[in-house]
Colleague: 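Can you keep this structure in mind? I'll have questions shortly.
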Amino acid sequence: MARNPHYTQIWQTVCAIPAGKVASYGQIADLAGLPGRARLVGKSLGVAPKEMNLPWFRVLRSSGQLAFAAGSEQALNQAGLLQEENVVVLRNRVKLAEFQWKPTLDEMLWKLNH
DNA sequence: CTAATGACGTATC
DNA sequence: CGATACGCCATTA
């Protein structure tokens, strides 16, 4: 992997997002113990090896918009993957009020125990 | 070392 | 809601 600053921690957090739910970059950064490093989360996903089956598509902007430009390959791909998990995507954005992941203590503990 | 960059976020207008 | 500006920070040039 491209060195190892905090990428592993971020990947782990992303993996903890349950199917059918989404999280924002800032939220992931925060949960990973890296407040203010939302951009680093994006970079981490960019360099993440596909072999680990990372649910990168469950990560979007704080506004609910997909991280990619509407109409782009990646955006359409992401939207499709999300809808496979019952997540509604309209105009390249997701209704956070309904689908944003709210980590519970059990899930946090599971991640820590991992 | 300095400058630019980016799958971001918040505040303004 | 859209367009800008600025802040953040690891990484790259």
Side-chain angles (χ1 to χ4, degrees):
Chain A
M1 50 192 80
R3 323 294 157 66
N4 196 344
H6 308 108
Y7 292 176
T8 308
Q9 184 66 25
I10 293 173
W11 292 336
Q12 224 179 351
T13 305
V14 173
C15 276
I17 305 176
K21 290 290 179 180
V22 298
S24 69
Y25 289 92
Q27 188 180 355
I28 294 301
D30 197 31
L31 289 174
L34 304 166
R37 285 123 195 97
R39 306 191 80 135
L40 191 54
V41 173
K43 221 163 210 181
S44 305
L45 294 182
V47 302
K50 287 185 173 178
E51 292 77 49
M52 68 190 297
N53 236 5
L54 201 66
W56 58 270
F57 51 86
R58 295 185 192 139
V59 184
L60 20 107
R61 294 200 177 205
S62 62
S63 50
Q65 271 222 309
L66 298 196
F68 300 100
S72 66
E73 260 325 294
Q74 293 271 36
L76 293 177
N77 181 32
Q78 181 173 15
L81 288 168
L82 284 174
Q83 299 199 48
E84 276 184 26
E85 301 188 339
N86 304 319
V87 176
V88 181
V89 181
L90 277 186
R91 296 192 200 91
N92 213 68
R93 62 181 1 175
V94 172
K95 188 180 178 185
L96 288 182
E98 276 300 317
F99 300 103
Q100 183 164 45
W101 175 43
K102 297 164 186 175
T104 63
L105 289 181
D106 336 352
E107 291 173 301
M108 293 288 289
L109 291 176
W110 182 87
K111 182 172 80 72
L112 292 176
N113 204 352
H114 187 279

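Quantities reported herein were computed from a predicted structural model and do not represent experimental measurements. So that the names make sense, note that chain A is the first sequence line, chain B the second, and so on, each numbered from 1.
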Colleague: Could you check how far CH2 of A:Trp56 sits from C1' of B:dC8, rounded to whole Å?
Modeller: 17 Å
Colleague: Could you give the CG-to-P distance, from A:Leu40 to C:dG7, as a whole number of Å?
Modeller: 20 Å
Colleague: Passes side chain to side chain contact (heavy atoms under 4.5 Å, CB included), A:Leu82 versus A:Leu60? Steps please.
Modeller: CA-CA 11 Å; A:Leu82 284 174; A:Leu60 20 107; 4.2 Å; yes
Colleague: Taking any heavy-atom pair under 4.0 Å as a contact, classify A:Gly26: base, sugar-phosphate, or nothing.
Modeller: sugar-phosphate
Colleague: Going by the side-chain hydrogen bond (donor to acceptor under 3.5 Å, both in side chains) test, name the single residue among A:Lys21, A:Gln27, A:Lys95 that passes it with A:Gln100.
Modeller: A:Gln27
Colleague: Nearest of C:dA10, B:dG9, B:dA7 to any side-chain atom of A:Lys43?
Modeller: C:dA10
Colleague: How many whole angstroms separate atom CD of A:Gln74 from atom P of B:dG6?
Modeller: 16 Å
Colleague: Any sub-3.5 Å donor-acceptor pair from A:Trp101's side-chain atoms to A:Pro18's backbone N or O?
Modeller: no
Colleague: Only pairs at least two apart or in different chains count here, so list each side-chain hydrogen bond (donor to acceptor under 3.5 Å, both in side chains) that has a residue in residues 69-78 of chain A.
Modeller: none
Colleague: Tell me which of A:Gly36 and A:Gln65 sits closer to the 5' end of DNA chain C, going by the nucleotide each one is nearest to.
Modeller: A:Gln65
Colleague: Quick one: A:Leu90 CG to C:dC1 P, roughly how many Å, whole number?
Modeller: 13 Å
Colleague: Can you tell me how far P of C:dA10 sits from CG of A:Leu34, to the nearest Å?
Modeller: 9 Å
Colleague: Using only side-chain N and O atoms of A:Arg61, determine if any of them is under 4.0 Å from OP1 or OP2 of B:dC8.
Modeller: yes
Colleague: Roughly, in whole Å, what's the span from CD in A:Glu73 to P in B:dA7?
Modeller: 17 Å
Colleague: Does a nitrogen or oxygen in the side chain of A:Arg91 sit under 4.0 Å from OP1 or OP2 of C:dC1?
Modeller: no
Colleague: Given atom CZ of A:Arg39 and atom P of C:dA10, what is their separation to the nearest angstrom?
Modeller: 12 Å
Colleague: Going through the checks in order, is the side chain to side chain contact (heavy atoms under 4.5 Å, CB included) test met by A:Leu40 and A:Tyr7?
Modeller: CA-CA 8 Å; A:Leu40 191 54; A:Tyr7 292 176; 3.7 Å; yes
Colleague: Which listed nucleotide (C:dT11, B:dA7, B:dT10) is nearest to the side chain of A:Ser62?
Modeller: B:dT10
Colleague: Roughly, in whole Å, what's the span from OH in A:Tyr25 to C1' in C:dG7?
Modeller: 19 Å
